[in-house]
Amino acid sequence: MATATLSSTSLTYLHFHSTSFWRRRFSISCAAYSDRCIYNFAAGPATLPESVLLKAQSELYNYRGSGMSIMEMSHRGKEFDAVIKKAESDLRSLLSISDDFAVLFLQGGATTQFSAVPLNLCMPEDSADYIVTGSWSVRALKEAQKFCKPNVIWSGKSEKYTRICSFDEIPQTLDAKYLHICGNETVQGVEFKDYPNPMNKSSVLVADMSSNFCSKPVDISKFGVIYAGAQKNVGPSGVTIVIIRRALLGHAQPIAPVMLDYKAQADTDSLYNTPPCFAIYICSLVFEYLLHQGGLVAMAKKNEKKAGVLYDAIDASGEFYVSHVEKSVRSLMNVPFTLQKSELEKKFIEEAAKEGMVQLKGHLSVGGVRASIYNAMPLAGVEKLVAFMKDFQARHP
């Protein structure tokens with residue numbers, strides 16, 4: 001029997017470019033290879049732009065002729081050096097970040113920053129103010145209690161975190177080192193539309209912006225520290241971005257682990273140890289994508305339109321669907337809602353999944369339904385969800 005032989009070029013084609021191979025391997029039944037059949041409404045890790053994924057796919061095996069995958073190369077080599085520098089440069093362009101601020105690509109998620117912030121900005125006896133607007137604010141507060149003396153100056157707990165206070169009703173602590181907020185609560189779906197100013201002139205504003213980072217323009221000059229887990233709008237899980245005013249560097253508590261010392265990270269350009277190279281690379285592609293979309297002003301308009309379509313459908317349903325969040329602070333990123341007939345929620349989520357709309361189950365702590373509609377969620381996905389909602393309501397009068 002003759003033995004067939006294939007050239008290396010043919011093998012590469014078969015294994016890395018054949019759509020039929022990948023369809024068989026993953027049981028994909030889409031009409032088009034680029035159509036992945038579903039709209040992913042997950043709160044994070046979340047959907048990424050298709051063009052970014054395809055670009056990463058094309059460069060995965062042999063990154064720009066280097067002979068290495070982006071996942072294999074040294075973080076101190078010239079190839080990755082160019083990647084991380086471009087990521088920082090494009091992020092600075094997107095958010096108009098001045099040289100007064102350092103940009104850090106770190107690890108450990110925003111949860112690690114709950115500890116890093118007080119460790120870098122406070123001594124153990126110092127006060128810090130916290131506005132508590134939902135689940136992530138609560139977690140940030142609990143970590144801060146280990147390293148300083150945080151004060152809850154406002155909490156939305158009694159109203160089930162459905163609103164954000166007006167800033168003039170906040171009794172700030174005069175000697176607080178910083179004022180901490182969560183810019184967007186992923187679980188409860190409340191979002192700051194404006195930002196408070198610390199009363200103490202030597203204090204700074206600190207924000208966890210994990211779930212609305214790069215979804216709209218932000219005046220960076222108002223903040224001392226912004227931190228964000230990337231896995232919502234700008235990349236995969238594994239990298240956390242910190243933007244910190246340089247004047248705040250170098251004041252960490254003696255007990256601060258070196259990996260949580262912002263100055264140690266800034267002094268080494270985020271390369272104190274091996275960083276999450278692949279995640280940073282994907283962030284770089286996303287930043288490039290956002291710039292090509294017209295920047296964050298353009299993205300904000302798209303996000304406002306998507307959210308408007310979904311909230312309008314909820315409000316027009318005659319309370320078949322209910323949003324409990326005060327309209328003035330409804331999140332553009334995470335839209336939690338309930339069905340008036342709560343016994344239908346499980347069926348709603350299951351039927352939506354069969355129609356290609358997945359990860360709509362609300363957070364375990366609150367239940368209901370949640371649609372996360374980050375930058376990469378196309379308008380078509382929201383429109384399909386709204387059409388399904390109307391059909392579901394018609395079938396369950």
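Residue numbers run from 1 in the order of the sequence given. Quick caveat, the model's predicted, so the values are computed rather than measured.
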So do the side chains of Met377 and Val382 get within less than 4.5 Å of each other, counting heavy atoms only? yes
Judged by atom type as modelled, is there a donor-acceptor pair below 3.5 Å linking the side chain of Glu345 to the main-chain atoms of Leu339? yes
Output yes when a side-chain donor or acceptor of Arg370 lies under 3.5 Å from a complementary backbone atom of Thr186, and no otherwise. yes
Salt-bridge present (Asp175, Lys149; N to O < 4.0 Å): no
Counting only heavy atoms not in Tyr272, do more than 12 fall under 6.0 Å of its OH? no
Tyr311/Tyr321 aromatic ring centres below 6.0 Å: no
Are Arg139 and Asp208 within salt-bridge range, i.e. N to O under 4.0 Å? no
Could you tell me whether the side chain of Asn212 reaches within less than 4.5 Å of the side chain of Phe192, counting heavy atoms only? no
Answer with yes or no whether the side chains of Asn375 and Ser215 bring together a donor and an acceptor at under 3.5 Å. no
I want to know whether His180 and Tyr130 have ring centres closer than 6.0 Å. yes
From the list Asn303, Asn334, Thr47, side-chain hydrogen bond (donor to acceptor under 3.5 Å, both in side chains) with Tyr374 holds only for Asn334
With sequence neighbours excluded, tell me which residues meet salt bridge (charged side-chain N to carboxylate O under 4.0 Å, His left out) with Lys346. none
